[in-house]
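To start, the structure itself, in structure tokens.
Read the numbers this way: they start at 1 and go in the same order the structure lists the ligands and their atoms.
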Amino acid sequence: MTDYEIAKKAYAKYGVDTDSVLQELAEVPISIHCWQGDDVGGFEKPDSALAGGGIQATGRYPGKAKTVAQLRQDLEEVFSLVPGTNRVNLHASYGEFGGTFVERDQIEEKYYKGWVSWARENNVKLDFNGTFFSHPLADDGFTLASKDEKIRQFWLEHEKRCRRIAAWIGREQGSPCILDTWIPDGMKNLAVDKFGYRSILKESLDEIFETEYPADQMRDALETKLFGIGSEAFVVGSHEFYMNYAARNHKMLCLDMGHFHTEEDISDKLSAILLFDDEILLHVSRPMHWDSDHVVLFNDKIKMVAEELVRSGKLSQAHIGMDFFDASINRIGAWVTGVRAMRKALLFALLEPINLLIRYEETGNGYAQMALLEQQAVMPFGYVWDEFCRRNGAPLESELIELVAGYEKEVLGERE
Ligand code: RNT
Ligand code: ZN
């Protein structure tokens, strides 16, 4: 018997069919964020770098992608190292601007044409994000909620164009492009007119969503946040703000795992939100003490999120996007480990004997429910994961270090 056959038998004892789980898992899309490859720099200027907005990439590991071509090459390497269906999540600042500076309120479809063709060649679909940071007009901490009408108009125009571009991408690729909107708006010190700023943001959103796009072209997600560096005292787009806005306006919420109090259980929010909203976008991240955007690992928090999506039967209504950026280690390795961790968590969740667990729970057999959950950790999960990698043409866990080192030597090492 092969390792996989042993595992298949072990799970079958609990009524879980590993073959059909592997099939289902392969089809769940994970949207790979482009910004792990260049520390959220983008390509607006030759020396574009992440600035402001309360997010930070730390580290100076060599080999970062400095051109669109390099970033694509790195993403292709990532595709070869992660099993399952991938999408790619682009930020507006990653357009191909052809050597000239294009203001954010002037972006157009044509700057993303190259990405659409590249995505087609690589058999991936694209998602999109407006870029509301690393810009002088975001420097005073407000964009769509700004009391400066000129600043607000600038960002309104940016967002309207992002939605139009997302819809165009969706049409081109025959799959809805998820547009995530995260704005940094907030205050470092005491905020007095909170109601005023939130009213302005609501007004801006209402204006933005006046234009409707078909759901098979693009869908909007609004990303909530607790605080950022420089917005410790007040964030306009808080969880409550967007949760209400999304539910009343049929928009999606984006829950970033780093955007809550560190002890909050993100997984517990899903059933409450998905009961009222049709869909959700996740930004899967690993906050360490704060919204630090560490590489996602196969840990309890991520397993709990995956379990909740599977147990609730809402997996297909969740759009899974990754959001982390670590500049202190090999960036390809960081990407690969994070995306594979998410995929592993989904596999772990799909392998649970859910019906049996529910039966124990319903019949008041709390101990059996607990013991069966505990048993999941010692089931031959690794054999099933290896088989998934094999079936999807990706390397095994044990092969990764060498492959990432090889790419570093051959490709990253050649970049100055
Ligand atoms: C910031 C948000 C946002 C960004 C990306 C780059 O706190 O998480 O999603 O990380 O847009
Ligand atoms: Zn995020």
Side-chain angles (χ1 to χ4, degrees), residues 30-44 48-58 64-65 71 87-95 104 126-135 138 141 143-144 155 158-159 162 166 177-186 188 220-232 234-239 241-242 252-262 264 266 269 280-296 301-302 305 318-327 331 334-335 338-339 342:
I30 294 182
S31 197
I32 301 177
H33 54 315
C34 70
W35 53 90
Q36 162 59 46
D38 73 333
D39 315 338
V40 210
F43 301 114
E44 291 177 312
S48 292
L50 173 62
I55 50 179
Q56 257 185 1
T58 50
K64 134 176 162 178
L71 187 66
R87 297 174 68 97
V88 166
N89 197 7
L90 271 190
H91 241 283
S93 52
Y94 286 70
R104 303 241 177 112
L126 298 174
D127 295 311
F128 203 58
N129 302 258
T131 311
F132 293 86
F133 49 84
S134 306
H135 192 282
T143 63
L144 291 177
W155 292 111
H158 176 61
E159 178 69 344
C162 285
C177 173
I178 309 299
L179 176 73
D180 181 44
T181 299
W182 173 73
I183 61 166
D185 298 33
K188 182 185 173 79
D220 292 285
L222 299 166
E223 185 172 353
T224 83
K225 189 160 175 164
L226 178 67
F227 81 95
I229 297 173
S231 65
E232 289 86 349
F234 171 56
V235 166
V236 186
S238 61
H239 186 52
F241 176 92
Y242 282 130
M252 243 187 272
L253 265 187
C254 170
L255 295 193
D256 184 308
M257 289 175 70
H259 289 193
F260 295 86
H261 292 284
T262 38
E264 255 177 286
I266 288 36
K269 301 176 189 303
I280 196 164
L281 172 64
L282 295 176
H283 266 190
V284 182
S285 199
R286 180 166 59 99
M288 210 185 276
H289 308 300
W290 65 289
D291 182 28
S292 59
D293 289 295
H294 275 74
V295 177
V296 169
K301 288 195 172 167
I302 189 159
V305 164
H319 303 275
I320 301 171
M322 308 306 293
D323 188 8
F324 54 81
F325 28 99
D326 191 335
R331 291 174 184 77
W335 243 328
V339 176
M342 182 68 233

| remark: re atom 7 (O) of ligand 1, the protein heavy-atom contact at minimum distance is K225 NZ, 2.6 Å

| task | Give a yes-or-no answer on whether the side chains of T143 and D185 include a donor-acceptor pair shorter than 3.5 Å. | result | yes

| remark: shortest atom 4 (C) of ligand 1-to-protein heavy-atom contact is with D323 OD2, 3.5 Å

| When you measure from atom 9 (O) of ligand 1 to every protein heavy atom, which one gives the shortest distance, and what is it? | E223 OE1, 2.8 Å

| query | Does any N/O atom on H259 come nearer than 3.5 Å to any N/O atom on ligand 1? | reply | yes

| request: Work out which heavy atom in S31 is nearest to a heavy atom in N89; give both atom names and the distance. | output: OG-CB, 3.4 Å

| said: Regarding E223, does it place an N, O or S atom less than 2.8 Å from the Zn ion (ligand 2)? | reply: yes

| field | Protein heavy atom at shortest distance from atom 1 (C) of ligand 1 | value | I55 CG2, 3.4 Å

| field | the Zn ion (ligand 2) reached by D323 (N, O or S, under 2.8 Å) | value | yes

| field | H33 contact mode with ligand 1 (heavy-atom cut-off under 4.0 Å) | value | neither

| message | If the cut-off is 4.0 Å to any non-hydrogen atom of F325, which atoms of ligand 1 fall inside it? | response | 10 (O)

| task | Give, for atom CD1 of I183 and atom NE2 of H158, the distance between the pair rounded to the nearest 0.5 Å. | result | 11.5 Å

| Minimum heavy-atom distance S134-A49, with the two atoms named | OG-O, 3.6 Å

| note | Among non-hydrogen protein atoms, atom 5 (C) of ligand 1 lies closest to H91 NE2, 3.5 Å

| request: Identify the residue among F43, F133, F128 that makes a ring-ring contact (aromatic ring centres under 6.0 Å, His included) with H91. | output: F133

| query | In ligand 1, which numbered atoms sit nearer than 4.0 Å to a non-hydrogen atom of H283? | reply | 9 (O)

| Tell me, which N, O or S atom in D256 is closest to the Zn ion (ligand 2)? | OD2

| Can any side-chain N or O of N129 pair as donor or acceptor with the backbone N or O of L90 at less than 3.5 Å? | yes

| query | Do any N or O atoms from the side chain of W335 and from the backbone of H33 form a donor-acceptor pair under 3.5 angstrom? | reply | yes

| field | H283 atom (N/O/S) at minimal separation from the Zn ion (ligand 2) | value | ND1

| With a cut-off of 2.8 Å, does any N, O or S atom of H259 fall short of it relative to the Zn ion (ligand 2)? | no

| said: Suppose I only count heavy atoms of D256 and a 4.0 Å limit; which atoms of ligand 1 are within that range? | reply: 8 (O)

| said: Nearest 0.5 angstrom please: I30 CD1 to L282 CG, how far? | reply: 11.0 Å

| message | Tell me if a side-chain donor or acceptor on E232 pairs with a main-chain N or O of G230 at a distance below 3.5 Å. | response | yes

| task | State the atoms of ligand 1, each with its element, that fall below the 4.0 Å cut-off from a heavy-atom position in D291. | result | 7 (O)

| Short side-chain to backbone donor-acceptor contact, T131 and A92, under 3.5 Å | yes

